[in-house]
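Inspection log for the structure reproduced underneath, given as structure tokens.
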Amino acid sequence: QVQLVESGGGLVQPGGSLRLSCAASGGSISSYSMGWFRQAPGKEREFVAATAINLSGSTDYADSVKGRFTISRDNAKNTVYLQMNSLKPEDTAVYYCAASPYGSRLNIEGRFNYWGQGTQVTVSS
């Protein structure tokens with residue numbers, strides 16, 4: 001059973017950048033596909049980005065963040081990252097890290113078995 005802890009959230013101005021980290025323990029992220037989801041107040045949790053466990057190491061992004069966000073992993077550090085650039089107020093949400101045993105269809109929340117507690121990102125001037 002893997003435990004995930006997010007960090008790096010905070011208050012940033014529109015157009016700014018932020019990097020979120022997800023530190024894993026109790027298991028290696030190399031054994032999982034890893035993803036980021038977010039939930040804004042009054043809205044359902046939505047897919048943000050994922051990196052697959054398969055050999056290709058393919059990544060996938062929600063249309064709303066494509067070109068602005070980058071997901072990456074450092075297996076040696078057992079950590080996954082979400083680099084967020086050109087942030088918008090609409091990006092304000094609690095961001096969750098998650099791990100999945102699947103290698104595809106990673107935009108589906110139910111395919112992730114393990115979840116962190118979330119970290120707050122607020123984009124405001």
Between [X] (side chain) and [Y] (backbone), is there a donor-acceptor pair under 3.5 Å?
| X | Y | value |
| --- | --- | --- |
| Thr79 | Lys77 | yes |
| Ser100 | Arg111 | yes |
| Gln3 | Gln1 | yes |
| Asn107 | Glu46 | no |

Which distance, rounded to the nearest 0.5 Å, do you find between the [atom1] of [X] and the [atom2] of [Y]?
| X | Y | atom1 | atom2 | result |
| --- | --- | --- | --- | --- |
| Ser7 | Gln117 | OG | CD | 13.5 Å |
| Thr122 | Leu87 | OG1 | CG | 11.0 Å |
| Ile29 | Asp74 | CD1 | CG | 7.0 Å |
| Gln83 | Asn85 | CD | CG | 4.5 Å |
| Arg105 | Asp60 | CZ | CG | 13.0 Å |
| Met34 | Arg73 | CE | CZ | 6.5 Å |

Of all pairs that satisfy disulfide (SG to SG under 2.5 Å), the ones with a partner from residues 94-125, not counting sequence neighbours: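 Residue pairs with at least one partner in residues 94-125: Cys22-Cys97.
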All pairs passing disulfide (SG to SG under 2.5 Å) where residues 58-94 contributes a residue, at least two apart: none
Ser30 and Ser28 side chains, donor-acceptor separation under 3.5 Å: yes
Path from Trp36 to Phe69 over hydrophobic side-chain contacts below 4.5 Å: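 Same hydrophobic cluster.
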Within one Ile-Leu-Val-Met-Phe-Trp-Tyr cluster: Leu106 and Val48, side-chain cutoff 4.5 Å: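 In one cluster: no.
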Just to verify, which of [options] counts as forming a side chain to side chain contact (heavy atoms under 4.5 Å, CB included) with [X]?
| X | options | result |
| --- | --- | --- |
| Arg38 | Val94, Leu82, Val65, Thr119 | Val65 |
| Leu20 | Ile71, Val121, Val80 | Val121 |
| Ser124 | Thr92, Leu11, Val12 | Leu11 |

Pairwise ring-ring contact (aromatic ring centres under 6.0 Å, His included) hits with a residue in residues 82-118, at least two apart: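 Those involving residues 82-118 are Tyr32-Tyr114, Phe37-Phe112, Phe37-Trp115.
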